[in-house]
Each structure stands twice: as C-alpha cells, then as structure tokens.
Amino acid sequence: MVILGSLDAIWGLAAILNDEVVVVGGHGALIFDITTWGWFQLILGAVIGLTGLGLLVGNEVARVLGIFLLAINAVLQVVWFPAAPLWAFLMIVLDVVIIYQLTVNWTAQEG
C-alpha cells in the first residue's frame with residue numbers, strides 16, 4: 001500500500017502540474033481540466049501510503065481503513081479512464097489484489 005499510495009500521490013501531482021488533458025475520441029478532441037481530481041488523488045495517495053505504514057507495524061485499524069481507502073481508490077480510477085486508460089486499469093487491478101490480500105486471512109490471524 002505504501003507503493004500504491006506513492007504512485008497515486010505522484011499521479012495526483014502530475015495532474016495538478018499538467019492540468020489540461022486532451023482526449024481524442026469519436027466526436028473530436030475534448031479538453032479536461034483535472035486539477036481538482038489531482039488534488040483529491042494526491043491527498044488520497046498520501047493517506048493510503050500512511051495506512052500502508054500502519055499495516056507494516058501491525059495496526060488492525062489500518063487493515064480496515066486500508067480496505068475502505070482502496071475501494072474508494074478503485075472507484076476513483078474510473079475518472080482517469082479518459083486520460084490514461086491503461087494506468088487506471090492497472091491501478092484498479094492493484095487495488096483489488098491488495099483488498100484480497102487484506103481480507104483473505106483475516107480470521108486466521110485473529111485466532
């Protein structure tokens with residue numbers, strides 16, 4: 001989660017610094033201003049990274065928070081599909097894999 005959060009934060013920073021994205025589709029070129037989403041992605045990435053640090057020290061609250069934040073991150077990646085579809089797809093896959101890893105052995109570790 002630390003790496004995923006760092007990637008999200010870097011992606012958010014890139015969206016803030018380069019806020020105009022041109023997408024060429026079937027109906028011509030569209031220009032999107034993604035500064036607001038960039039800030040949201042930067043903050044979410046930082047919180048995900050900090051939650052990953054909490055997981056490294058074994059905090060149980062970090063596990064629950066991580067599942068919640070990764071679910072939000074997976075849904076948020078839909079916003080990035082017009083700008084970078086491959087990136088968004090890969091981030092969703094990483095989110096799902098990490099959520100799976102956080103939940104698969106939950107009862108085995110508590111007992």
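This structure is a prediction, so every number in the text was calculated from the model and none was measured.
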Which heavy-atom pair separates Gly54 from Ala62 by the least distance, and what is that distance?
C-CB, 3.7 Å
Would Leu90 end up clustered with Val97 when hydrophobic side chains under 4.5 Å apart are linked, directly or stepwise?
no
Do you reckon Ile67 sits in the same ILVMFWY cluster as Val64, going by side-chain contacts under 4.5 Å, direct or chained?
yes
Please list, chain by chain and in numerical order, all residues satisfying side-chain contact (heavy atoms from CB on, under 4.5 Å) with Leu56, sequence neighbours excluded.
Val2, Leu53
Looking only at non-hydrogen atoms, find the nearest pair between Phe89 and Phe81 and report the distance.
N-CZ, 4.2 Å
Scanning both residues in full, the closest heavy-atom pair of Ala15 with Gly38 reads CB-CA, 3.7 Å
Reported CG-to-CG distance for the pair Leu94 and Leu7, which is rounded to 0.5 angstrom
8.0 Å
Does Trp39 have any ring pair (Phe, Tyr, Trp, His ring centres under 6.0 Å) partners at least two apart in sequence or in another chain, and if so, which?
none
Tell me, please, which residues at least two apart from Gln41 pass side-chain hydrogen bond (donor to acceptor under 3.5 Å, both in side chains).
Asp8, Asn73, Trp80
Flag yes if Leu50 and Met1 sit in one hydrophobic cluster, no otherwise; membership is Ile, Leu, Val, Met, Phe, Trp, Tyr, and two members link when side-chain heavy atoms are under 4.5 Å apart.
no
Is any side-chain heavy atom of Leu55 less than 4.5 Å from a side-chain heavy atom of Leu102?
yes
So if you build clusters from Ile, Leu, Val, Met, Phe, Trp, Tyr with side-chain heavy-atom gaps below 4.5 Å, do Leu70 and Met91 land together?
yes
Connected via hydrophobic side-chain network under 4.5 Å: Leu69 and Leu76
yes
Working to the nearest 0.5 Å, report the span between CZ of Phe68 and OG1 of Thr51.
11.0 Å
